[in-house]
*Asks:* 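Okay, handing you the structure first.
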Amino acid sequence: MDTFYTDLLCVGAGLAGERVAVAAASAGFETICLSIVPPRRSHSSAAQGGMQASLGNCCMGEGDCPDVHFADTVKGSDWGADQEVARLFVETAPIAVREMAFWGIPWNRVVPGKGIYYKAGKQYDKIEKDEKEGTIAARDFGGTAKWRTCYTSDGTGHTLLFTMDNEVVRLGVTVHDRVEVLSLIHDGTTCTGVVARCLKTGKLRTYLAKATLIATGGYGKIYRESTNAVICWGDGGAISLDTGLVPIGNPEAVQFHPTGIVPTNILVTEGCRGDGGTLKDVNEERFMHIYEPGKQELASRDVVSRWMFHHMRIGKGVPSPYGPHLWLDIRHLGAHHIKTKLREVEEICNEFLDVDPITQLIPVRPCQHYSMGGVRTNKDGAAYGLKGLYSAGEAACWDMHGFNRLGGNSLAETIVAGRIVGEKIVEFLQGYQGEFKTAVVQDAVKKQQERIEGLIGGSGKESAYDLRAAMGDALMDGVGIFRKQEDLQTAVEKLQVIYDRSKNLGLHSTSTYGPNPELGVALRVPGMLRLALCIAYGALMRTESRGAHAREDYPERNDKDWLKRTLAYWKSEKDTLPTLEYEKPSKVWELPPGERGYGSSKIICTEDPEICVPKPETN
Amino acid sequence: MGRNLKFNIFRFNPEDPASVPHMDAYYLEETVAMTLFIVLNRIREEQDPTLMFDFMCRAGICGSCAVMINGRPDLACHTKTKKLPSEITLMPMPVFKLIGDLSVDTGTWFRGMNEKVQSWVHTNKVFKPNEEEERMDNALAEEIYELERCIECGCCVAACGKANMLPDGFMGATAFNRVARFMMDPRDERNNDQYFEVVGNDDGIFGCLGLLGCEDMCPKKIPLQDQLGMLRRKMGFSQVKHLFQRAGKK
């Protein structure tokens, strides 16, 4: 069996993984990135709209600064964020955007003079200042006080990922693509690498590393309807959870994006609404201004998704063979704008819907989009529970998003967290001598070999595809946009039954040669189910509404009892439910809990003196 | 009732000593808005779990799923069956190393390409975290983005007569497009002579036969022909200059 040794092992080579790799390689540490796909195909590439950073260059962003970005982020999180981390993030974001410009991103730039923009379907004038000509421009996004989202047309993730991978190539970082990680190697206190499977040959490998980073992105694909790519099954979270030592933070915090197209759930960017697109119902009438007179279409994603769902529930949806949907209207933005600033949207509509967005309405409905939860880390990106294990990006619960992430803050997180966590890993590696225990490694390998042999040679009858579909249905039906006791209870029970069935998985294709795609699915389904149970059980136990977690039976945000972060552990292999623990979301309360300014939610106030007393204003 | 579709799919597992290359036929009834993404996943989940193919974003953005569809390379995810005849033949892309069935190793090929053309901004400057960004005209940024849109799917390479003749050598239109992208970027300090070192040879721009399968098959409709023309002109000029310099030295 092939064994590879390295200083840093990045599991996942999307934006976060590669940014960390760049930091380590720049400091002279040997780095290997593992990726299920060639790195430039990572799901980071699908992020369209942009990346938030408070440069304040464009006229609609004037007066922006990290403080305003901080307040937007914390309000967006519904006070679930770690405020120390959010502060670190907003302070670093402008630097990270400029660094990406230095490395070659063709950011859209400020064009001086008079221009027009649309808001809530109406046209307005704006005048960009001459002295800002050629600086990095920004567009409007939901839940923000200023235009802050830096962009390259609607291919921002694509340009960021290609530019980041250019750096990876320049620095000569080793990338092993088509490698899937099956388990972490650890002795109960320290993580020393992974057991992985090569998806070109099907052979097992071990990677031994002084530091291991989980940067595998989100786990949207455990839901039936998700904007996520087909590889977003949450392997990094699953293998971390499997250790019994590393918790998943806030698994129940799952974001639904307002505009997935119907029926394929492909995302069309929030930039559509940011640039002035509107949502319309069966009568082709706008409705968001009724529910959210202030922010209208540009309230935060959780709020807009909920009102859309509500509007469909009261019968205002457009009937279709795929169930009711609503319309996204960007026609008034005009052909020039769509063809330059929203060209991916145009292409997606043309190719996947046969819809011309310049002249026609786009059928949309909210669907699963982002995992705020993930491998719980401290502010340095170090995972709870195991030394030498780190996490960054969507895979992590670092936790700047709390219970709702703002549009444009995920791309920003990948680059910013990558930069910060990368530096912390470099500090960790300096002078650190890893110790690789052969017995531990052999045990970890043997366990995976036995799993594979059990699947290929076993007598199991359950189809991995069937179980995956049943899991997606259970989550979609029970742990969706609106949640309540009985639905959540049913979802948990269904998932437990499916999890039990997963112990009897069998394969039709018993070839031991090559990657065997069916074996791949069978190997990952049990881990996906454990994550699904963390989500459903976490949601069942959280008897309040906060951000994307909206309980119909507990509509108020309960800061008194629930201003805390869920930590879901899978303590024993025999368990059929996670063990939930809780911690305070933040050590620092720069912005004490209050009203978000959008979304209608009653608040039960906290009595915790540490949280209530704000720090004196520093500016 | 939709049409009854027949799919002839290339099968070969190079890891399996007993496997020989052959075609297998599968049948599916056409459904509304059916794409090859739906077709291939249904075949694998319902008929043949051993079938190997690649998808990632399923939205035409990531470039994972390029295959030969009735002889022409295209992204499987955005290919609708209604635009195809009822008998559809799917083959893996040529030039790239076969992993199995429809799956090919584009990752290794493109990493090699990126190394060859040194696909990064070459600069002697050092990033200064606390300084304002260097300014750029928005029109130029948009021009760069136009070429930056390549998703490295490999369609232009699979459609290239020269790359099919010289699978290990010829750089292909994707590489020329990348070079053109950096030539246009003022942040990259390379001069034409340095670019000439990279592409001014028979594996590079002078090896192009001008068949333009690349331009026709690019699923992102990147203006590849223009880049080939521009590069050939500029590199031709550099070549002439080199000749004169050499003659001058003699």
Side-chain angles (χ1 to χ4, degrees), chain A residues 37-41 43 45-46 95 97-99 101-104 106-111 133-137 152-153 155 158-159 162 165-167 169-170 175 177-178 200-202 229-231 263-264 266-267 321 340 344 347-348 351-352 354 465 507-509 511 513-518, chain B residues 13-17 19 32-33 35 44-45 48-52 54-64 78 80 99-100 105-108 110-111 114-115 118-121 123 125 127 129-138 140-145 148-149 151-152 182 185 187-188:
Chain A
V37 293
R40 293 180 189 218
R41 313 215 186 290
H43 193 45
S45 68
I95 297 168
V97 163
R98 290 182 175 131
E99 187 171 51
F102 181 78
W103 283 336
W107 294 115
N108 276 79
R109 302 293 178 133
V110 172
V111 180
E133 179 172 12
T135 55
I136 296 170
T152 53
S153 182
H158 168 85
T159 57
F162 269 53
D165 196 55
N166 285 343
E167 282 302 296
V169 174
R170 182 178 72 82
V175 178
D177 69 17
R178 293 179 187 263
K200 291 177 188 168
T201 63
V230 298
I231 60 165
T264 55
I266 296 171
L267 176 77
T340 54
E344 288 297 335
E347 202 172 297
I348 286 166
E351 293 184 357
F352 296 93
D354 272 334
Y465 295 116
L507 299 182
H508 293 95
S509 49
S511 170
Y513 299 109
N516 190 342
E518 191 190 17
Chain B
N13 179 359
E15 290 290 317
D16 182 352
S19 177
V32 179
T35 62
R44 181 152 82 191
E45 290 181 25
D48 189 339
T50 64
L51 185 61
M52 287 182 263
D54 293 316
F55 284 103
M56 215 298 289
C57 74
R58 55 83 176 90
I61 289 167
C62 78
S64 292
H78 76 179
K80 293 191 246 335
I99 290 173
D105 186 356
T106 51
T108 305
F110 276 99
R111 171 81 184 221
N114 281 308
E115 286 169 358
Q118 301 180 15
S119 169
W120 56 85
V121 168
T123 179
K125 290 181 189 151
F127 174 64
N130 297 318
E131 277 181 20
E132 188 192 83
E133 64 271 19
E134 262 185 50
R135 300 199 179 200
M136 181 183 272
D137 187 51
N138 189 57
L140 175 60
E142 286 182 351
E143 271 181 66
I144 295 172
Y145 176 66
E148 182 91 357
R149 285 167 49 246
I151 55 172
E152 300 192 350
F182 284 107
D185 194 328
R187 292 168 292 198
D188 196 315

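Throughout, a chain's letter reflects where its sequence line sits, starting with A, and its residues are numbered from 1.
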*Asks:* Are A/Glu518 and B/Thr50 side-chain neighbours, meaning at least one heavy-atom pair lies under 4.5 Å?
*Replies:* no
*Asks:* Is there a donor-acceptor contact under 3.5 Å from the side chain of B/Lys80 to the main chain of A/Glu351?
*Replies:*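 Answer holds: yes.
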*Asks:* Kindly indicate whether the side chain of B/Arg111, heavy atoms from C-beta on, has any atom under 4.5 Å from the side chain of A/Asp177.
*Replies:*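 No - every pair of side-chain heavy atoms lies 4.5 Å or more apart.
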*Asks:* Out of A/Val111, A/Val37, A/Thr159, A/Leu507, which one racks up the most heavy-atom pairs below 4.5 Å with chain B?
*Replies:* A/Thr159
*Asks:* Please report the closest heavy-atom contact between A/Phe352 and B/Arg58, naming both atoms and the distance.
*Replies:*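 What the structure gives for the nearest pair is CE2-O, 3.7 Å.
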*Asks:* In terms of heavy-atom proximity below 4.5 Å to chain B, should A/Val97 be classed as side chain, backbone, both, or neither?
*Replies:*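 Neither part; nothing is under 4.5 Å.
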*Asks:* Is the closest side-chain heavy-atom distance between B/Phe110 and A/Arg40 below 4.5 Å?
*Replies:*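 No, too far: nothing below the 4.5 Å cut-off.
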*Asks:* Taking all heavy atoms of A/Trp103 and all of B/Val121, pick out the closest pair and write down the distance.
*Replies:* O-CG2, 3.5 Å
*Asks:* Nearest 0.5 angstrom please: B/Met56 CE to A/Ile231 CD1, how far?
*Replies:*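 With rounding to 0.5 Å, CE (B/Met56) is 5.0 Å from CD1 (A/Ile231).
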*Asks:* What residue, out of A/Asn516, A/Ile348, A/Ile136, has the most heavy-atom pairs lying under 4.5 Å from chain B?
*Replies:* A/Ile136
*Asks:* Under a 4.5 Å heavy-atom cut-off, does chain A meet the side chain of B/Leu140, its backbone, both or neither?
*Replies:*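 The answer is neither part of B/Leu140.
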*Asks:* Mind ranking B/Asn114, B/Thr108, B/Ile99 by heavy-atom pairs under 4.5 Å with chain A and telling me who comes out on top?
*Replies:*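 The answer is B/Asn114.
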*Asks:* For the candidates B/Ala59, B/Pro14, B/Ala33, which exhibits the highest count of non-hydrogen atom pairs separated by less than 4.5 Å from chain A?
*Replies:* B/Ala59
*Asks:* Quick one: list whatever passes side-chain contact (heavy atoms from CB on, under 4.5 Å) with A/Thr264, sequence neighbours left out.
*Replies:*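 Partners of A/Thr264 by the side-chain contact (heavy atoms from CB on, under 4.5 Å) criterion, ordered by chain and then number, come out as A/Ile261, A/Ile266.
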*Asks:* Please test B/Ile61 against A/Glu344 for side-chain contact (heavy atoms from CB on, under 4.5 Å), starting from the C-alpha separation and ending with a verdict.
*Replies:* CA-CA 8 Å; B/Ile61 289 167; A/Glu344 288 297 335; 3.8 Å; yes
*Asks:* Please look at A/His158 and chain B and tell me whether the side chain, the backbone, both or neither of the residue comes under 4.5 angstrom of a heavy atom of that chain.
*Replies:* side chain
*Asks:* Using a 3.5 Å distance criterion without hydrogens, assess whether the side chain of A/Arg109 forms a donor-acceptor pair with backbone atoms of B/Glu142.
*Replies:* no
*Asks:* If you look at every heavy atom in A/Pro515 and B/Met52, which pair is closest and at what distance?
*Replies:*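 Where A/Pro515 meets B/Met52 most closely, the heavy atoms are CG-SD, 3.5 Å.
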*Asks:* In the structure I gave you, are the side-chain heavy atoms of B/Tyr145 and A/Asn108 within less than 4.5 Å of one another anywhere?
*Replies:*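 Heavy-atom side-chain distance check fails, nothing below 4.5 Å.
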*Asks:* Does B/Met136 reach the side chain of A/Trp107, with side-chain heavy atoms less than 4.5 Å apart?
*Replies:*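 Of all side-chain heavy-atom pairs linking A/Trp107 with B/Met136, none is under 4.5 Å.
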*Asks:* Does the side chain of A/Ser153 pick up a donor-acceptor pair with the side chain of B/Arg149 at under 3.5 Å?
*Replies:*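 No, because no side-chain N or O of A/Ser153 sits under 3.5 Å from a partner of the opposite role on B/Arg149.
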*Asks:* Under 4.5 Å heavy-atom distance to chain A, tell me which part of B/Glu134 shows up: side chain, backbone, both or neither.
*Replies:*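 Looking at B/Glu134, just its backbone touches chain A.
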*Asks:* Non-hydrogen atoms of chain B under 4.5 Å away: do they reach the side chain of A/Val169, the backbone, both or neither?
*Replies:*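 Contact with chain B is through both the backbone and side chain of A/Val169.
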*Asks:* What is the distance from atom OG1 of B/Thr106 to atom CZ of A/Arg178, rounded to the nearest 0.5 Å?
*Replies:*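 The OG1 atom of B/Thr106 sits 6.0 Å away from the CZ atom of A/Arg178.
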*Asks:* Which pair of non-hydrogen atoms, one from B/Cys62 and one from A/Arg41, has the smallest distance, and what is that distance?
*Replies:*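 Residues B/Cys62 and A/Arg41, closest heavy atoms: O-NH1, 2.9 Å.
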*Asks:* Identify the two heavy atoms, one from A/Ile95 and one from B/Phe127, that lie closest to each other, and give their separation to 0.1 Å.
*Replies:* O-CZ, 3.6 Å
*Asks:* Based on non-hydrogen pairs under 4.5 Å, which of B/Arg44, B/Glu143, B/Glu131 is most in contact with chain A?
*Replies:*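 Of the candidates given, the most pairs with chain A belong to B/Arg44.
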*Asks:* Could you measure the distance from the CG atom of B/Asp105 to the NZ atom of A/Lys200? Nearest 0.5 Å is fine.
*Replies:* 4.0 Å
*Asks:* Under 4.5 Å heavy-atom distance to chain A, tell me which part of B/Lys125 shows up: side chain, backbone, both or neither.
*Replies:*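 For B/Lys125, backbone and side chain are both near chain A.
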*Asks:* Side chains of B/Pro17 and A/Tyr513: does their closest heavy-atom pair fall under 4.5 Å?
*Replies:* yes
*Asks:* Identify which part of A/Tyr465 has an atom lying under 4.5 Å from any heavy atom of chain B, answering side chain, backbone, both or neither.
*Replies:*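 Side chain only.
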*Asks:* Checking heavy atoms, do the side chain of B/Arg187, its backbone, both or neither come under 4.5 Å from chain A?
*Replies:* side chain
*Asks:* Is it the side chain or the backbone of B/Glu132 that comes within 4.5 Å of chain A heavy atoms, both, or neither?
*Replies:* both
*Asks:* Taking every heavy-atom pair that is under 4.5 Å apart, which of A/Pro39, A/Pro517, A/Pro38 has the most such pairs with chain B?
*Replies:* A/Pro517
*Asks:* Name all residues meeting the side-chain contact (heavy atoms from CB on, under 4.5 Å) criterion together with B/Ser19; count only those two or more places apart in sequence or in a different chain, and write none if there are none.
*Replies:* B/Phe12, B/Asn13, B/Asp16
*Asks:* When heavy-atom pairs shorter than 4.5 Å are enumerated against chain B, which of A/Gly202, A/Pro321, A/Gly155, A/Gly104 gives the highest number?
*Replies:*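 If we count pairs closer than 4.5 Å to chain B, A/Gly104 comes out on top.
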*Asks:* Under a 4.5 Å cutoff for heavy-atom pairs, which residue among A/Glu133, A/Glu347, A/Glu99, A/Glu167 has the most contacts with chain B?
*Replies:*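 When all of A/Glu133, A/Glu347, A/Glu99, A/Glu167 are compared, A/Glu99 has the most.
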*Asks:* Pick one of side chain, backbone, both or neither for B/Asp54, based on which atoms fall under 4.5 Å of a heavy atom in chain A.
*Replies:* side chain
